[in-house]
There are 2 protein chains.
Amino acid sequence: MLSKKTQYAFHALVHLAENVDKGPILISEIAQEKNISIKFLENILLELKNAGILGSKKGKGGGYYLMRPPKEIALAKIIRLLDGPIALLPCVSLNYYERCENCRDEAVCGLNEVMGKVRDSALKILENKTLKDILTRN
Amino acid sequence: MLSKKTQYAFHALVHLAENVDKGPILISEIAQEKNISIKFLENILLELKNAGILGSKKGKGGGYYLMRPPKEIALAKIIRLLDGPIALLPCVSLNYYERCENCRDEAVCGLNEVMGKVRDSALKILENKTLKDILTRN
DNA sequence: CATAAAACCTATAAAAAAGATAGACTAATA
DNA sequence: TATTAGTCTATCTTTTTTATAGGTTTTATG
């Protein structure tokens with residue numbers, strides 16, 4: 001399961017994407033709209049900003065905004081940033097690989113093989129679906 | 001990511017499956033072979049037993065054994081038992097569903113839709129692949 | 001230039017989950 | 001009846017997650 005942090009991030013990003021034309025959006029607005037603790041959300045948005053996904057403006061009339069169009073922000077990127085590996089096992093993770101401590105040889109480990117397939121099938125979706133794809137349907 | 005508990009369970013089950021013809025297998029043998037804390041493994045095997053996946057025999061000559069042939073034990077079942085939901089979000093979980101607290105209507109939530117697809121693609125593999133499929137390839 | 005608005009930053013705390021261990025109990029076998 | 005091996009329950013430690021607190025900096029504007 002994705003952490004609350006990542007879940008909140010997705011909802012916040014959706015709100016930002018649905019209001020791209022309205023200039024910078026307040027943290028407090030997002031928090032209220034999406035029912036998220038404002039202080040917790042603050043940290044999350046900051047992290048997204050430091051990763052180059054969001055931009056911000058301070059002071060009156062300030063707030064957060066997307067640095068790129070929604071269709072260029074892949075879901076996988078957000079998950080990896082805030083949650084870490086997408087794979088179910090460290091030994092099949094592309095970005096957070098760790099050697100398996102419990103098997104002798106990953107090259108012949110059947111678990112490794114199957115979990116690699118699960119990773120691929122998830123990535124096929126998460127690398128290609130973007131913020132644009134998770135906006136509210138009407 | 002799967003918890004250590006689930007990872008250990010898979011490795012233990014593989015060992016049992018690879019030795020079905022040898023009668024009951026000792027916890028201590030599995031622990032040593034797979035490099036797992038024996039006491040921790042004890043709890044895990046007990047949980048698998050209580051779920052009807054393993055059987056056991058006490059006393060000399062005792063140990064654990066599979067209750068069904070490896071090809072009848074789906075990977076999804078093990079994950080759900082020890083790790084809980086396979087889905088990335090509570091609101092798309094088939095077995096551990098929880099309403100989303102952050103969106104107004106799941107029926108029009110794009111995140112819900114995409115994560116549902118991720119769940120389906122993972123389940124397609126995890127419901128169909130069994131213990132037999134994760135044995136060591138030779 | 002003073003004020004208020006709003007993001008920034010760092011630290012810490014509280015809660016929950018994960019990982020691991022301890023030790024006494026029960027059943028089976030020889 | 002001694003030994004072997006799983007059973008049960010409790011506890012402990014560590015890590016991760018979730019959340020909060022409070023001061024700092026930047027910017028717009030009257």
Side-chain angles (χ1 to χ4, degrees), chain A residues 1-9 11-12 16 22-32 34-67 79 81-85 88-90 96 98 101-102, chain B residues 1-9 11-12 16 22-32 34-67 79 81-85 88-90 96 98 101-102:
Chain A
M1 299 264 285
L2 298 178
S3 65
K4 285 280 182 190
K5 199 165 153 183
T6 303
Q7 295 180 40
Y8 291 161
H11 289 290
L16 290 173
K22 299 198 186 124
I25 306 291
L26 296 184
I27 299 178
S28 56
E29 177 185 321
I30 304 173
Q32 186 169 24
K34 298 296 186 175
N35 194 31
I36 304 172
S37 146
I38 184 169
K39 273 298 195 179
F40 194 21
L41 182 59
E42 220 179 272
N43 296 325
I44 296 169
L45 296 182
L46 201 50
E47 218 168 324
L48 289 168
K49 188 205 160 185
N50 291 335
I53 292 161
L54 296 182
S56 67
K57 198 183 163 199
K58 285 185 177 179
K60 192 159 193 178
Y64 279 97
Y65 49 89
L66 297 174
M67 288 294 278
I79 295 177
L81 176 67
L82 299 174
D83 238 59
L88 292 180
L89 297 178
Y96 300 85
E98 277 174 55
E101 314 261 285
N102 309 110
Chain B
M1 298 263 285
L2 299 178
S3 65
K4 286 281 183 190
K5 199 165 153 186
T6 302
Q7 295 181 40
Y8 292 162
H11 289 290
L16 289 174
K22 298 196 185 124
I25 306 291
L26 295 182
I27 299 179
S28 57
E29 177 186 320
I30 304 174
Q32 186 170 23
K34 298 296 188 176
N35 195 30
I36 304 171
S37 147
I38 184 168
K39 271 299 194 178
F40 195 21
L41 182 58
E42 223 178 88
N43 297 324
I44 297 168
L45 296 182
L46 201 51
E47 219 167 324
L48 290 168
K49 187 203 161 185
N50 292 334
I53 292 161
L54 297 182
S56 66
K57 198 183 162 198
K58 286 184 177 177
K60 192 160 193 177
Y64 278 97
Y65 50 89
L66 297 173
M67 287 294 276
I79 295 177
L81 176 66
L82 300 174
D83 238 60
L88 292 179
L89 296 178
Y96 299 84
E98 277 174 53
E101 314 262 286
N102 310 109

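The model shown is predicted, which means the values in this text are computed figures rather than measured ones. Sequence lines set the chain letters: A, B, ... in the order given, protein chains first and strands last, and positions in each chain run from 1.
Between A/I25 and A/Y65 there is no side-chain heavy-atom pair separated by less than 4.5 Å. In this structure, B/Q7 and A/L89 have side chains that are in contact, with non-hydrogen atoms separated by less than 4.5 Å. Between B/M67 and B/K49 the shortest side-chain heavy-atom distance does not fall below 4.5 Å.
The backbone N or O of A/L2 lies less than 3.5 Å from no partner atom in the side chain of A/D83, so there is not a single donor-acceptor pair.
Among B/I27, B/L82, B/T6, B/I30, the one residue that satisfies the side chain to side chain contact (heavy atoms under 4.5 Å, CB included) test with B/I44 is B/L82.
Mapping A/L41 and B/N50 onto DNA chain D by nearest heavy atom places B/N50 at the nucleotide closer to the 5' end.
Atoms NZ (A/K4) and P (D/dT20) sit 13 Å apart, rounded to a whole Å. Atom P of nucleotide D/dT20 and atom CD1 of A/I27 are separated by 15 Å, given to the nearest angstrom. The interatomic distance linking B/H11 (NE2) with C/dG19 (P) rounds to 13 Å, in whole Å. Atom-to-atom, CZ of A/F40 to C1' of D/dA21 comes out at 15 Å; the value is rounded to the nearest Å. Straight-line distance from the CE atom of B/M1 to the P atom of D/dT15: 16 Å, rounded to whole Å. Summarising the geometry, the separation between CD on A/E101 and P on C/dA20 is reported as 11 Å, rounded to the nearest angstrom. Between A/Y65 atom OH and C/dA7 atom P the separation is 12 Å, expressed in whole Å. Following rounding to the nearest Å, A/E29 (CD) and C/dA7 (P) show an atom-to-atom distance of 10 Å.
Counting non-hydrogen atoms under 4.0 angstrom, A/L45 reaches nothing in the nucleic acid.
At the phosphate of D/dT18, neither OP1 nor OP2 sits under 4.0 Å from any side-chain N or O atom of A/Y8. Phosphate proximity of D/dT18 to A/S37: absent, as no side-chain N or O sits under 4.0 Å from OP1 or OP2.
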Base versus backbone protein contacts along nucleotides 22-30 of chain D [heavy-atom cut-off under 4.0 Å; B, S, -]: B--BBBS--
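In this structure, CG on A/L26 lies 10.5 Å from CD on A/Q32, to the nearest 0.5 angstrom.
Side-chain atoms of A/N43 and base atoms of D/dT18 include no donor and acceptor less than 3.5 Å apart.
Judged as a salt bridge (Lys or Arg N to Asp or Glu O under 4.0 Å), and not counting sequence neighbours, the contacts of A/E42 are A/K39.
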